[in-house]
Structures are given as C-alpha cells and as structure tokens.
Colleague: 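Attaching a single structure in structure tokens format; questions to follow.
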Amino acid sequence: MAVKLGVPKETAAGECRVALVPAVAAQLMAKGLEVRMQPGAGAGAFFADGDYHDVRMVEEPADLYREADVLLRVQPPTPEEIDLLGPETAVLGFLDPLGDPERVARLRDRGVTAFAMELVPRIARAQAMDALSSQASIAGYKAALLAADLAPRFFPMLTTAAGTVRPAKVLVLGAGVAGLQAIATAHRLGASVFAYDVRPETREQAASLGATFLNLDVSGSAEGGYARELTAEEKRREQELLGEQIAGMDVVITTAAVPGRPAPVLVREAEVTAMRPGSVIVDLAAETGGNCECTVLDETVRHEGVMIHGPRNVPGRLPVHASEMYARNLANFLDLLVEDGHWGPDWEDEVVAKTVLTRNGEIVPDAVRERVEGGAS
C-alpha cells in the first residue's frame with residue numbers, strides 16, 4: 001500500500017503556515033504517495049483547496065488523523081490530537097523535544113514514530129532538510145523590517161536639500177541564520193550594521209554581509225554550529241563590554257538562542273536605560289524568555305523612551321514563502337523514509353537516526369529521555 005500523508009489545518013493560535021504547498025504535494029504524489037488534507041489547511045498561506053489538484057480533502061480531522069500513515073505538521077500536535085494517532089502512525093514536524101517533556105511522553109506512550117525537525121543534524125547532506133534554518137532566515141529578514149518600521153528615523157543615509165541624514169546604527173546580536181539574514185536585510189536598507197556573536201568563527205560571514213563585527217574576546221562555540229552556555233565569568237565580561245556598545249545604537253536586533261534552554265539575557269534593563277530615547281529593540285528570542293530583560297512576549301513596550309518589541313512566531317508572518325520552504329524541507333526528509341511510495345526508513349542513516357524522537361514506545365535521544373524521566377520523577 002502506498003504511504004498516505006495527512007496534512008491537518010494548524011490549530012495553534014495565529015499559525016498561518018501549512019506543512020504542504022500545492023507544488024510539493026504534486027511532487028510527492030508523482031512519487032507514488034497519497035496526499036490527504038483537511039479543507040482550508042492552506043488558506044492561511046493563501047493556498048486554496050482547489051490549488052491542491054488530486055489531493056483528497058477529508059472533512060473530519062479525526063478521520064484524517066486515523067487514516068494517515070505519516071502526519072505532516074508545522075506546530076506540535078495538541079494532547080487531544082496525539083490521542084487520535086495510532087501506533088502505526090508517524091509524525092513529522094516541529095515537536096519542541098526539549099521544551100515540552102509531557103508531549104514527548106505522550107507520543108512515546110501512544111507508540112507513535114515521531115521525527116522532530118528541530119533534531120535534523122547540521123551536516124552538509126541534511127542542509128535541504130534543515131527546517132530550523134529555513135524558518136530562521138525568514139525570521140531574520142522580517143526582524144529587520146519590523147525594526148525599520150518601529151524606528152522613528154531613516155535606516156539609510158540621505159542627502160537632501162535640508163541637509164544630510166546619517167544612517168541608523170543597527171546592532172545584530174547573534175550571527176546564526178536569523179542574525180545573518182537580519183544583517184543582510186538591514187544592510188540592504190542602508191543602515192550602518194554591527195554584529196556580535198560568542199562564536200568568533202561567524203566574523204567572516206557577518207563581514208561578508210556588510211557588518212562590522214564587535215570583538216569582545218568571549219568565545220562560546222559548541223558542536224554542530226550552535227552556541228554553548230557561557231560561564232558566569234564569561235557572561236559578566238560579555239555583558240560589561242557589550243553594554244558599552246549597545247548604548248550607542250539606534251536599533252538592536254537580538255537572535256541568540258541555546259537549544260533546550262531559556263534564551264540568554266544579553267540586554268539588561270540598565271543597557272536599555274542607557275540607550276537614546278527613540279531607540280528600538282526587536283527580540284527574536286521572546287518566545288524562550290527573551291534576550292532583553294524588558295521584553296514582553298507579543299507586546300511592544302516602552303522603557304525610558306526605548307521601544308522593545310517581542311514578537312511571536314515571526315516566520316508565520318510570511319506564510320507563503322515560509323510554507324514553501326518548510327514543505328520542501330519535509331519532502332526532502334521524506335525521501336529518506338519512503339521508497340517507491342512505500343514506507344522504508346533506513347534506521348542506520350545518520351539523518352534519520354538523529355531526527356527520530358520516539359519509536360517503538362521509546363524516546364530515542366538521550367538528552368530528551370533524561371529530561372522526560374527527570375520531569376516524571
């Protein structure tokens with residue numbers, strides 16, 4: 001029997017993305033897979049049901065969940081949705097493996113084979129499946145636009161009959177995928193861009209996109225291209241040196257994150273107070289606690305005349321391209337799970353082995369299993 005893919009309508013508040021776009025659905029069906037969707041699943045990303053040619057629409061979400069061999073998601077399923085899944089079902093999507101132990105335990109107890117897109121290894125062969133990076137690039141681009149919209153001044157230098165307007169000084173904290181895209185976008189808008197990251201190896205990438213890299217002599221590189229958590233002394237040193245730079249900026253965009261941990265605080269209240277009135281902070285880490293002490297999720301707050309914006313689900317604000325990129329990530333990963341339209345994962349494959357979250361009633365990654373078991377005790 002051909003593998004049946006199920007694509008439900010996302011139920012998380014404000015989520016406009018969809019896990020499968022019409023072009024990718026057609027490609028998967030051409031490979032022998034069956035595709036079933038919930039009506040209206042693509043509406044938030046401006047894809048009408050009629051755009052999904054030859055895709056079967058299933059009215060009842062419960063039927064869609066029960067009939068699917070593989071469920072494709074953007075946001076993690078709710079407990080009620082997990083309870084609709086049978087032990088023969090596989091789930092592929094963002095599952096927040098380190099952030100919600102109860103969800104992971106529920107997937108395990110249902111016997112579901114779950115693949116978390118957050119766990120895709122950052123190796124060359126898996127770049128086309130790296131959904132974290134594809135969505136982070138969108139978040140970085142949008143963050144620069146949000147900052148430009150909030151700022152009460154021009155980003156570029158302008159020479160006018162009324163005189164010359166100096167360019168805005170924009171500091172991007174964190175030079176991962178989101179940070180690099182924010183740098184590139186702010187530079188295209190004409191700002192004078194500065195960048196900082198605890199991983200010194202990002203210096204050349206930031207510079208190639210037009211940023212001046214701040215050298216604070218603090219290194220926090222970790223395996224897989226991520227940043228490690230700094231020691232107390234490193235944090236103190238970083239904060240002291242960084243604070244001096246922040247005070248002179250018109251805009252600060254923060255993107256720093258440590259997988260499975262609260263976002264590191266990079267901008268304290270004292271640094272916000274030291275900034276000029278009318279300055280702007282856009283905190284992309286708001287959902288994990290924020291890089292700024294003054295950040296409030298889903299709000300734009302003012303502190304001593306400084307605006308701090310803490311947006312939620314920034315990739316979802318560009319749902320067309322976010323969905324297209326994410327759907328291609330999923331399709332590329334499915335190539336490792338399905339052969340000639342039939343289920344056949346190679347469990348020895350490095351990408352498959354490192355992305356699987358639950359299988360055969362067990363939690364596979366050691367770090368996730370330890371967190372779930374620690375929470376249960």
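Every heavy atom of this structure was used, including side-chain atoms; hydrogens, water molecules and symmetry mates were not.
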Colleague: Between the side chains of E373 and R371, is the shortest nitrogen-to-carboxylate-oxygen separation below 4.0 Å, so that they form an ion pair?
Modeller: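 A salt bridge is absent here (no side-chain N lies under 4.0 Å from a carboxylate O).
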Colleague: Which pair of non-hydrogen atoms, one from C294 and one from I308, has the smallest distance, and what is that distance?
Modeller: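 Minimum heavy-atom separation between C294 and I308: CB-CD1, 4.0 Å.
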Colleague: Under a 4.5 Å cut-off applied to non-hydrogen side-chain atoms, are L336 and P345 in contact?
Modeller: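 SC-SC contact between L336 and P345 ruled out.
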Colleague: Mark yes or no for whether E10, through its side chain, and A41, through its backbone, hold a donor-acceptor pair below 3.5 Å.
Modeller: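 No.
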Colleague: What distance separates L189 CG from H187 NE2, expressed to the nearest 0.5 Å?
Modeller: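 Going from CG on L189 over to NE2 on H187, the span is 10.5 Å.
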Colleague: Compare all side-chain heavy atoms of V306 with those of V280 and state whether any distance is below 4.5 angstrom.
Modeller: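 Side chain of V306 against side chain of V280, heavy atoms only: no contact under 4.5 Å found.
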Colleague: First locate atom CZ of R203, then atom CZ of R199, and finally report the distance between them rounded to the nearest 0.5 Å.
Modeller: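 Spacing of CZ (R203) from CZ (R199) equals 13.5 Å.
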Colleague: Run M117 and L132 through side chain to side chain contact (heavy atoms under 4.5 Å, CB included) and show every step you take.
Modeller: CA-CA 7 Å; M117 294 305 288; L132 278 180; over 6 Å; no
Colleague: Less than 4.5 Å apart, any side-chain heavy atom of V91 and any of V70?
Modeller: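 Side chain of V91 against side chain of V70, heavy atoms only: no contact under 4.5 Å found.
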Colleague: Quick check: is V120 connected to V356 through a chain of hydrophobic side chains (ILVMFWY, heavy atoms under 4.5 Å apart)?
Modeller: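 Linked, V356 and V120 end up in one cluster.
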Colleague: With side chain to side chain donor-acceptor pair (under 3.5 Å) as the rule and sequence neighbours excluded, what pairs involving residues 13-22 come up?
Modeller: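 Applying side chain to side chain donor-acceptor pair (under 3.5 Å) to every pair that reaches into residues 13-22, excluding sequence neighbours, yields E15-R17, E15-Q75, E15-N313, R17-Q135, R17-N313.
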Colleague: Any donor-acceptor pair under 3.5 Å linking the side chain of S323 with the backbone of V18?
Modeller: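 Looks like yes, one N/O pair under 3.5 Å.
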Colleague: Checking the side chain of S133 only, and the main-chain atoms of D130 only, is there a donor and an acceptor separated by less than 3.5 Å?
Modeller: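 It does not hold such a pair.
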Colleague: Do side-chain atoms of N360 reach the backbone of E362 as a donor and acceptor pair under 3.5 angstrom?
Modeller: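 No, N360 side chain to E362 backbone: no donor-acceptor pair under 3.5 Å.
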Colleague: Applying side-chain hydrogen bond (donor to acceptor under 3.5 Å, both in side chains), can you list everything that pairs with R103, at least two apart in sequence or on another chain?
Modeller: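 For R103 the side-chain hydrogen bond (donor to acceptor under 3.5 Å, both in side chains) partners, ignoring immediate neighbours, are D100.
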Colleague: Does the pair D349/K354 count as a salt bridge with the N-to-O cut at 4.0 Å?
Modeller: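 No salt bridge links D349 with K354.
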Colleague: Could you check whether any side-chain N or O of T355 sits under 3.5 Å from a backbone N or O of V352, counting only pairs where one atom can act as donor and the other as acceptor?
Modeller: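 No, the answer is negative, given that no donor and acceptor are paired below the 3.5 Å cut-off.
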Colleague: Looking only at non-hydrogen atoms, find the nearest pair between A186 and V170 and report the distance.
Modeller: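 Shortest heavy-atom contact: CB-CG1, 4.3 Å.
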Colleague: Give me the atom names and distance for the closest heavy-atom approach of L28 to A331.
Modeller: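 So the minimum-distance heavy-atom pair works out to CD2-CB, 4.1 Å.
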Colleague: Could you please spell out the steps behind the salt bridge (charged side-chain N to carboxylate O under 4.0 Å, His left out) verdict for R312 and D298?
Modeller: CA-CA 6 Å; R312 183 194 298 270; D298 278 339; 2.9 Å; yes
Colleague: Same cluster or not: I246 versus V301, using hydrophobic residues (I, L, V, M, F, W, Y) connected whenever any side-chain heavy atoms lie under 4.5 Å apart?
Modeller: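 I246 and V301: one cluster.
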Colleague: How long is the span from the OG1 atom in T254 to the CD1 atom in I281, to the nearest 0.5 Å?
Modeller: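 Taking OG1 in T254 and CD1 in I281, the distance rounds to 7.5 Å.
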Colleague: State, yes or no, whether a side-chain contact exists between L119 and P97 at a heavy-atom distance under 4.5 Å.
Modeller: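 Heavy-atom side-chain distance check passes, below 4.5 Å.
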Colleague: Please identify each residue that fulfils side-chain hydrogen bond (donor to acceptor under 3.5 Å, both in side chains) with D51, with sequence neighbours left out.
Modeller: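 For D51 there are no side-chain hydrogen bond (donor to acceptor under 3.5 Å, both in side chains) partners, ignoring immediate neighbours.
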Colleague: Near K4 NZ, under 6.0 Å, is it more than 12 heavy atoms from other residues, nucleotides or ligands?
Modeller: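 Enclosed: over 12 neighbouring heavy atoms sit under 6.0 Å from NZ of K4.
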Colleague: Has T255 got a side-chain atom pairing as donor or acceptor with L173's backbone, closer than 3.5 angstrom?
Modeller: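 Answer holds: yes.
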Colleague: Could you list all the ring pair (Phe, Tyr, Trp, His ring centres under 6.0 Å) pairs where at least one residue sits in residues 310-343, not counting sequence neighbours?
Modeller: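 Checked against ring pair (Phe, Tyr, Trp, His ring centres under 6.0 Å) - neighbours excluded - the pairs reaching residues 310-343 are F94-Y326, F115-F333.
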Colleague: As a quick check of understanding, evaluate side chain to side chain contact (heavy atoms under 4.5 Å, CB included) for D69 and L5, giving each step before the final call.
Modeller: CA-CA 6 Å; D69 298 313; L5 300 179; over 6 Å; no
Colleague: May I ask you to test the L92-L71 pair for a side-chain heavy-atom distance under 4.5 Å?
Modeller: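 No, too far: nothing below the 4.5 Å cut-off.
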Colleague: Give a yes or no on whether the backbone of M275 and the side-chain of S279 come within a donor-acceptor separation of less than 3.5 Å.
Modeller: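 Not at all, since once roles are kept as given, no pair shorter than 3.5 Å links the two residues.
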Colleague: Tell me if a side-chain donor or acceptor on E59 pairs with a main-chain N or O of Q38 at a distance below 3.5 Å.
Modeller: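 No, E59 side chain to Q38 backbone: no donor-acceptor pair under 3.5 Å.
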Colleague: Checking side-chain contact (heavy atoms from CB on, under 4.5 Å) against P39, which of V58, D49, L64 comes through?
Modeller: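 Exactly one candidate clears the test, D49.
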Colleague: Is there a donor-acceptor pair closer than 3.5 Å between any side-chain N or O of D283 and the backbone N or O of G310?
Modeller: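 No; zero donor-acceptor contacts below 3.5 Å.
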Colleague: Do you know which two heavy atoms are closest between A175 and L180, and how far apart they sit?
Modeller: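 Closest pair (atom of A175, atom of L180, distance): O-CG, 3.5 Å.
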Colleague: Verify side chain to side chain contact (heavy atoms under 4.5 Å, CB included) between V55 and E34, making sure each step is shown before the conclusion.
Modeller: CA-CA 8 Å; V55 170; E34 295 182 24; over 6 Å; no
Colleague: Is the closest basic N to carboxylate O distance between R106 and D83 below 4.0 Å?
Modeller: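 Judged by the 4.0 Å cut-off on N to carboxylate O distance, R106 and D83 do form a salt bridge.
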Colleague: At their closest point, which heavy atom of D197 faces which heavy atom of G176, and how far apart are they?
Modeller: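 It is OD2-N, 3.9 Å.
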Colleague: Do the side chains of L171 and I253 join up, straight or via other hydrophobic residues, at under 4.5 Å, putting them in one cluster?
Modeller: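 Shared cluster, no.
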Colleague: When clusters are formed by joining ILVMFWY residues with side-chain heavy atoms under 4.5 Å apart, either directly or through shared neighbours, do V258 and V265 land in the same one?
Modeller: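 Looking at the clustering, V265 is in a separate group from V258.
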Colleague: Table please: side-chain donor-acceptor pairs of residues 141-161 below 3.5 Å, with sequence neighbours left out.
Modeller:
from, atom 1, to, atom 2, distance (Å)
T160, OG1, A162, N, 3.1
T160, OG1, G163, N, 3.3
T160, OG1, G163, O, 2.8

Colleague: Between R125 and M129, what is the shortest heavy-atom contact and its length?
Modeller: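 Smallest interatomic distance, heavy atoms only, reads O-CE, 3.8 Å.
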Colleague: Does the pair K31/D340 count as a salt bridge with the N-to-O cut at 4.0 Å?
Modeller: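 No, K31 and D340 are not salt-bridged.
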Colleague: Roughly how far, to the nearest 0.5 Å, is the CG atom of L357 from the CG atom of L107?
Modeller: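 So the gap between those two atoms works out to 6.5 Å.
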Colleague: How about V351 and I123: do any of their side-chain heavy atoms sit closer than 4.5 Å?
Modeller: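 Side-chain contact under 4.5 Å: yes.
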Colleague: Would you check if M29 and D54 make a side-chain contact, meaning some heavy-atom pair closer than 4.5 Å?
Modeller: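 Of all side-chain heavy-atom pairs linking D54 with M29, at least one is under 4.5 Å.
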Colleague: Side-chain heavy atoms under 4.5 angstrom apart, residues restricted to Ile, Leu, Val, Met, Phe, Trp, Tyr: same cluster for I183 and V251?
Modeller: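 Yes: a chain of side-chain contacts under 4.5 Å links I183 to V251.
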Colleague: With a cut-off of 3.5 Å and sequence neighbours excluded, list every side-chain donor-acceptor pair involving residues 267-274.
Modeller:
from, atom 1, to, atom 2, distance (Å)
R268, NE, E271, OE1, 3.2
R268, NE, E271, OE2, 3.3
R268, NH2, E271, OE2, 2.7
E271, OE1, Q239, NE2, 3.1
E271, OE1, R268, N, 2.9
T273, OG1, E269, O, 3.0
T273, OG1, H303, NE2, 2.9

Colleague: Examine distances only and state if a side-chain atom of T358 and a backbone atom of T113 form a donor-acceptor pair shorter than 3.5 Å.
Modeller: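 Looks like no, no N/O pair under 3.5 Å.
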Colleague: Nearest 0.5 Å, what's the CD1-CZ distance between I82 and R108?
Modeller: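 CZ of R108 is found 12.0 Å from CD1 of I82.
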Colleague: Could you give the distance from CE (M249) to CD (Q245), rounded to the nearest 0.5 Å?
Modeller: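 It is 5.5 Å, given to the nearest 0.5 Å.
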Colleague: Please walk me through it: do V338 and L33 pass side chain to side chain contact (heavy atoms under 4.5 Å, CB included)?
Modeller: CA-CA 9 Å; V338 178; L33 285 75; 3.9 Å; yes
Colleague: Would you mind checking if R73 and E81 are paired as a salt bridge, meaning a charged N to carboxylate O distance below 4.0 Å?
Modeller: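 Salt bridge flag = yes for R73 with E81.
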